[in-house]
Amino acid sequence: MKLLLIAYNEAVDQEMMERLDACGVTGYTKWTRVLGRGATSGPHLLSHVWPKGNNVLAVAVEDEAADAIFQAVDELRQSAGTEGVKAFVLPIERAT
């Protein structure tokens, strides 16, 4: 199994969820209003100066599904420009 950890600007939330739906993702954990700073997207700190925020998704899937989901997220990253979309794929050793 693999864990995809996906951080993205809350402005592209609908597009992200549509892509996950298209990949058949039925389960995930989502954190909203997350603070952070990207190399190209800049700070997202939910403040007066930096009003944007991020969402983070944790998606656990079988190995075969991870590549398709990663590709869908990468396509959104390319089209979102400087909005900020980042994904990481991590191995899952065990899960309950």
Side-chain angles (χ1 to χ4, degrees):
M1 289 189 79
K2 302 286 185 194
L3 176 70
L4 286 93
L5 190 60
I6 308 164
Y8 59 97
N9 186 323
E10 62 190 359
V12 297
D13 186 64
Q14 182 175 344
E15 293 92 336
M16 179 64 72
M17 300 314 295
E18 288 171 356
R19 288 173 187 267
L20 292 182
D21 285 343
C23 289
V25 172
T26 57
Y28 57 85
T29 297
K30 184 184 212 178
W31 295 271
T32 60
R33 302 184 53 85
V34 177
L35 308 181
R37 184 174 121 188
T40 58
S41 64
H44 293 174
L45 303 176
L46 296 169
S47 69
H48 292 90
V49 177
W50 305 105
K52 297 179 183 177
N54 293 319
N55 292 340
V56 176
L57 288 165
V59 182
V61 294
E62 295 299 328
D63 290 2
E64 304 78 37
D67 287 337
I69 297 166
F70 187 87
Q71 175 141 0
V73 171
D74 192 43
E75 289 169 4
L76 177 58
R77 177 182 167 83
Q78 299 302 318
S79 68
T82 61
E83 291 299 332
V85 176
K86 194 74 170 177
F88 306 90
V89 180
L90 308 163
I92 296 175
E93 291 185 26
R94 291 192 279 175
T96 60

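Linking Ile, Leu, Val, Met, Phe, Trp and Tyr residues whenever their side-chain heavy atoms come within less than 4.5 Å places Tyr8 and Val89 in a single cluster. Tyr28 and Ile6 end up in the same hydrophobic cluster when Ile, Leu, Val, Met, Phe, Trp and Tyr side chains are linked at under 4.5 Å. Hydrophobic clustering, with ILVMFWY side chains joined whenever heavy atoms are under 4.5 angstrom apart, groups Met17 together with Val12. Leu4 and Val34 are not part of a single hydrophobic cluster, where members link through side-chain heavy atoms under 4.5 Å apart. In this structure, Leu90 is a member of the same hydrophobic cluster as Ile92, with clusters built from ILVMFWY side-chain heavy atoms closer than 4.5 Å.
Closest of all the heavy-atom pairs between Gly84 and Ser41 is CA-CB, 3.7 Å. Taking each heavy atom of Ala7 and Val56 in turn, the nearest pair found is CB-CG2, 4.1 Å. Shortest non-hydrogen contact noted between Met1 and Asp63 is N-OD1, 3.1 Å. Of all the heavy atoms in Asp21 and Val25, the pair that sits closest is OD1-O, 4.2 Å. Scanning all heavy atoms of the two residues, the minimum distance from Ala11 to Glu83 falls at CB-OE1, 4.0 Å. When all heavy atoms are compared, the tightest approach of Ala60 to Leu3 is N-CD1, 4.1 Å.
To the nearest 0.5 Å, atoms CG (Asn55) and CZ (Arg33) are separated by 10.0 Å. One distance of note links CG of Leu45 with CG of Asn54; it measures 9.0 Å at 0.5 Å rounding. For the atom pair CG of Asp74 and CD1 of Ile69, the computed distance is 13.5 Å after rounding to the nearest 0.5 Å.
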Note to self: Before you tell me yes or no, could you show the steps for Trp50 and Leu35 under side-chain contact (heavy atoms from CB on, under 4.5 Å), namely the whole-Å CA-CA distance, both residues' side-chain angles and the distance that decides it to 0.1 Å?
What the structure shows: CA-CA 10 Å; Trp50 305 105; Leu35 308 181; over 6 Å; no
Item checked: Derivation of the side-chain contact (heavy atoms from CB on, under 4.5 Å) call for Leu57 and Met16 -> CA-CA 10 Å; Leu57 288 165; Met16 179 64 72; 3.8 Å; yes
Item checked: Derivation of the side-chain contact (heavy atoms from CB on, under 4.5 Å) call for His44 and Glu10 -> CA-CA 10 Å; His44 293 174; Glu10 62 190 359; over 6 Å; no
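Heavy-atom contacts from other residues, nucleotides or ligands closer than 6.0 Å to CD of Glu18 number more than 12.
Here the side chain of Arg19 pairs no donor or acceptor atom with the backbone of Val73 at under 3.5 angstrom.
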